[in-house]
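Below is one structure, written out as structure tokens; comments come after it.
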Amino acid sequence: MASNKLPLSFYQQSNVVQLSKKLIGKVLCTQINGKLTSGLITETEAYRGYDDKASHASGGKRTQRTETMFKNGGISYVYLCYGIHHLFNVVTNTANKPDAVLIRAIKPLQGKETMLQRRNASANSPSLTAGPGRLSQALGITTANDALPLTGSTLWIEDRGDTFSDDMITAKPRIGVDYAGDHASRPWRFFIHDSAWVSHK
DNA sequence: GCGGCGATCCACT
DNA sequence: GTGGATCGCCGCC
């Protein structure tokens, strides 16, 4: 199949909120430990570092962990949450503008057997890949995959021509960011309205 | 050096 | 609906 990976220019757009919506319907792929797995992105959240109390890079806060977010867009940002879950983000915008999109849910497309094994599951149901910790586990993504180029051959995103119009996408406040005060209510979580493959129905 | 706390998930009541 | 798992990050002052 011809490569239809999203180009670097896609990730370097400056409006991370718009970009979060555009990532809905794209296909996230990994080739890890020799296994190809992929899924249609059904849910995303935008984190805008310089002006977002919910972001790790809030106010442009630069630390060892957030350094990845300050790099040029088009790479991964993977970090460990609650000591257990590896959460996968797409770094966007250009260098020194710490924006990222958290991928919160996918619908499995390729490598379902591999995903079932990695998740220790027996049925292809939304609990397999709906939720940021779940999809990372299903795709084999860990913090070892942090700061990898999304134009490479380990971790990438394709456009396979599936488009979703604005009225098929719902915008709601983000999940698990109550600590962010007034910014917690920003409608920066996007998901396919009628899809079963989303977290927090 | 150390303590509190997560962009979560699962099992149990 | 509630709580435990589990560990790296960050700020302490």
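Bear in mind the structure is a predicted one, so any value in this text is a computation, not a measurement.
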Rounded distance in Å - CG (A:Leu102) to C1' (B:dT8): 11 Å

A:Leu80 CG to B:dC9 C1', straight-line distance once rounded to whole Å: 13 Å

Sugar-phosphate, base or nothing in reach of A:Leu87, heavy atoms under 4.0 Å: sugar-phosphate

For atom CD1 of A:Ile84 and atom C1' of B:dA7, their distance in whole Å: 15 Å

Sugar-phosphate, base or nothing in reach of A:Arg65, heavy atoms under 4.0 Å: sugar-phosphate

Along DNA chain C, first and last positions that approach a heavy atom of chain A under 4.0 Å: C:dA5 to C:dG11

Atom-pair distance (CZ on A:Arg48; C1' on B:dA7), nearest Å: 17 Å

hbond_proxy A:His85 side chain to B:dA7 base (donor-acceptor, 3.5 Å cutoff): no

Results of side-chain hydrogen bond (donor to acceptor under 3.5 Å, both in side chains) for A:Arg118 - residues two or more places apart only: none

Neighbour count above 12 (heavy atom, 6.0 Å) for A:Lys107 NZ: no

Any A:Asp52 side-chain heavy atom under 4.5 Å of A:Ser58 side chain: no

Between B:dT8 (C1') and A:Arg174 (CZ): distance, integer Å: 17 Å

Distance below 4.0 Å between A:Arg104 side-chain N/O and B:dT8 OP1 or OP2: yes

Selected nucleotide, minimal atom distance to A:Asn89 side chain, candidates B:dC9, B:dA7, B:dT8: B:dA7

Pairwise P distance for C:dG3 and B:dC5, with rounding to whole Å: 16 Å

Side-chain N,O (A:Tyr179) to OP1/OP2 (B:dA7) below 4.0 Å: yes

A:Arg134 CZ - B:dA11 C1' separation (whole Å): 13 Å

Runs of at least three Watson-Crick or G-U pairs with DNA chain B, cut-off 3.5 Å: B:1-6 with C:7-12, B:8-12 with C:1-5

Sugar-phosphate only, base, or nothing, as touched by A:Lys53 at under 4.0 Å among non-hydrogen atoms: nothing

A:His200/A:Phe191 aromatic ring centres below 6.0 Å: no

Most 5' of A:Gln137 and A:His56 on DNA chain B, judged by nearest nucleotide: A:His56

N or O in side chain of A:Arg189 less than 4.0 angstrom from B:dA7 OP1/OP2: no

A:Asp182 atom CG, over 12 foreign heavy atoms within 6.0 Å: yes

Rounded distance in Å - CE (A:Met69) to P (B:dA7): 11 Å

A:Ser199 and A:Glu43: side chain donor to acceptor below 3.5 Å: yes

Option among A:Ile141, A:Thr68, A:Asn89 that satisfies the side-chain contact (heavy atoms from CB on, under 4.5 Å) test with A:Val78: A:Ile141

Donor-acceptor contact below 3.5 Å, side chain A:Thr66 vs main chain A:Met69: no

Under 3.5 Å donor-acceptor, A:Arg119 side chain and A:Thr129 backbone: no

Gap in Å between the two P atoms, one belonging to B:dA7 and one to C:dG1, rounded: 22 Å

Between P of B:dG6 and CD1 of A:Ile175, the distance in whole Å: 16 Å

Single-linkage hydrophobic cluster A:Leu155~A:Tyr77, side-chain heavy atoms < 4.5 angstrom: no

